[in-house]
Amino acid sequence: ALTSNAAVDVRGVIAAAFEFGTTNARVYAENAATCGEPDDDGMLRPAENKISSTNGAIELRGFSTLGSLSCHTTNGGMRLSDTAIQGGLSCATSNGSVRIESVSAQETAWIKSSNASVKLDRLLARDIDISTTNGNIKGSIVGAQSDFMTDCSTTNGKCRPASGGLPTGRMLRARTTNANIVMEFV
């Protein structure tokens, strides 16, 4: 569904893949899932799911996918909750905050914002890369700090956890300017 000046609202839908996009309105999906496309042998192969908005928010609740998930918005916030991704997660927004609650990604979770905060509550991913400018990064990561090699940096703020750790095959990167980074492991 691609539209202009109208919201995209999807509830209780199962599909091979989703591609939603709008301008001047929000994208909302609740209790939706994608299962991929069957290959020549009838096996499901993961599909990429793309969700975008300009001048509007993106909100996903109870979303699951066999493939990857890409969410991008300009001048709008982003909220993902109770979401399971069998591939990677890519979230990017400018001039809007990002809130991630009970989200798991089997691959890398890449989250980027500008001029706004990033808040996490129980994010689980193999690798995590978070960046923003002029906004705090705060929240909780599922796992132990020793599970990750960390690379955290800020200017004009505090940073916790500090960079370091032993190479474990998993990486946590967090970067901001003019703000704090405070993350805990649960």
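Basis for what follows: all heavy atoms, side chains included, without hydrogens, waters or symmetry-related copies. Sequence positions, counted from 1, serve as the residue numbers for this chain.
- Between the side chain of R99 and the main chain of S81, no donor-acceptor pair closer than 3.5 Å is present.
- Interatomic distance, T73 OG1 to I58 CD1, rounded to the nearest 0.5 Å: 5.0 Å.
- Clustering ILVMFWY residues whenever any of their side-chain heavy atoms sit less than 4.5 angstrom apart, transitively, puts V13 in the very cluster that holds I85.
- Here the side chains of P161 and F185 are in contact, with some heavy-atom distance below 4.5 Å.
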Exercise for the section: Kindly determine whether N115 and T133 satisfy side-chain contact (heavy atoms from CB on, under 4.5 Å), including the steps that lead there. Expected result: CA-CA 5 Å; N115 301 316; T133 55; 4.1 Å; yes
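- Hydrophobic cluster membership differs between L80 and V186, with clusters built from Ile, Leu, Val, Met, Phe, Trp and Tyr side chains linked at under 4.5 angstrom.
- A distance-only check finds a donor-acceptor pair linking the side chain of S113 to the backbone of G96 [under 3.5 Å].
- A salt bridge is absent between K50 and E19; no separation between the charged side-chain nitrogens and carboxylate oxygens falls under 4.0 Å.
- Legend: side-chain hydrogen bond (donor to acceptor under 3.5 Å, both in side chains) pairs involving residues 144-169, not counting sequence neighbours, sorted by first then second residue: N156-N178.
- The side-chain hydrogen bond (donor to acceptor under 3.5 Å, both in side chains) test applied to T34 returns N49, T65, not counting sequence neighbours.
- A distance-only check finds no donor-acceptor pair linking the side chain of D41 to the backbone of M43 [under 3.5 Å].
- Side-chain atoms of R61 and R79, non-hydrogen and from C-beta on, do get closer than 4.5 Å to each other.
- Between M78 and A92, the closest heavy-atom pair is CE-O, 3.4 Å.
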Exercise for the section: Might you work through the side-chain contact (heavy atoms from CB on, under 4.5 Å) test for L69 and L60, ending with a clear yes or no? Expected result: CA-CA 11 Å; L69 176 61; L60 305 179; 3.7 Å; yes
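- Of the candidates N55, N75, T54, T3, N24 forms a side chain to side chain donor-acceptor pair (under 3.5 Å) with just one, namely N55.
- For residues 61-81, the set of pairs meeting the ring-ring contact (aromatic ring centres under 6.0 Å, His included) definition, not counting sequence neighbours, comprises F18-F63.
- The closest donor-acceptor contact from the side chain of T22 to the backbone of A6 lies under 3.5 Å.
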Identify every side-chain donor-acceptor pair in residues 135-143 under 3.5 Å, counting partners at least two apart or on other chains, and give the distances.
residue : atom : partner : partner atom : Å
N136    : OD1  : N180    : N            : 2.7
S140    : OG   : R122    : N            : 2.8

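- For the pair T93 (side chain) and G76 (backbone), a donor-acceptor distance under 3.5 Å is present.
- When all heavy atoms are compared, the tightest approach of T74 to S94 is CG2-OG, 3.4 Å.
- For P46 against G67, the heavy-atom pair with the smallest separation is CB-CA, 3.6 Å.
- Residues T83 and L89 are not in side-chain contact: their nearest non-hydrogen atoms beyond the backbone lie 4.5 Å or more apart.
- Within 6.0 Å of atom CG in L2, more than 12 heavy atoms from other residues, nucleotides or ligands are found, so the atom counts as buried in its surroundings.
- For the residue pair M171 and M149, the shortest heavy atom distance occurs at SD-O, 3.3 Å.
- Heavy atoms only, all atoms of each residue included: A125 and A109 are closest at CB-CB, 3.7 Å.
- Rounding to the nearest 0.5 Å gives a distance of 4.5 Å between CG of L123 and CD1 of I128.
- Within the structure, ring-ring contact (aromatic ring centres under 6.0 Å, His included) contacts touching residues 80-107 (residues at least two apart or in different chains) do not occur.
- Of the inter-residue distances, the one linking I51 atom CD1 with C71 atom SG reads 4.5 Å to the nearest 0.5 angstrom.
- In this structure, CD1 on I181 lies 13.0 Å from CZ on R173, to the nearest 0.5 angstrom.
- Across all non-hydrogen atoms, the minimal contact from E48 to S68 is CG-OG, 3.4 Å.
- Looking only at atom types and distance, the side chain of S4 has a donor-acceptor partner in the side chain of T23 under 3.5 Å away.
- For residues 123-132, the set of pairs meeting the side-chain hydrogen bond (donor to acceptor under 3.5 Å, both in side chains) definition, not counting sequence neighbours, comprises D129-R175.
- The pair K119-D121 does not meet the salt-bridge criterion, since no charged nitrogen lies less than 4.0 angstrom from a carboxylate oxygen.
- Tracing side-chain contacts under 4.5 Å through hydrophobic residues (I, L, V, M, F, W, Y), one never reaches I100 starting from W110; they form parts of separate clusters.
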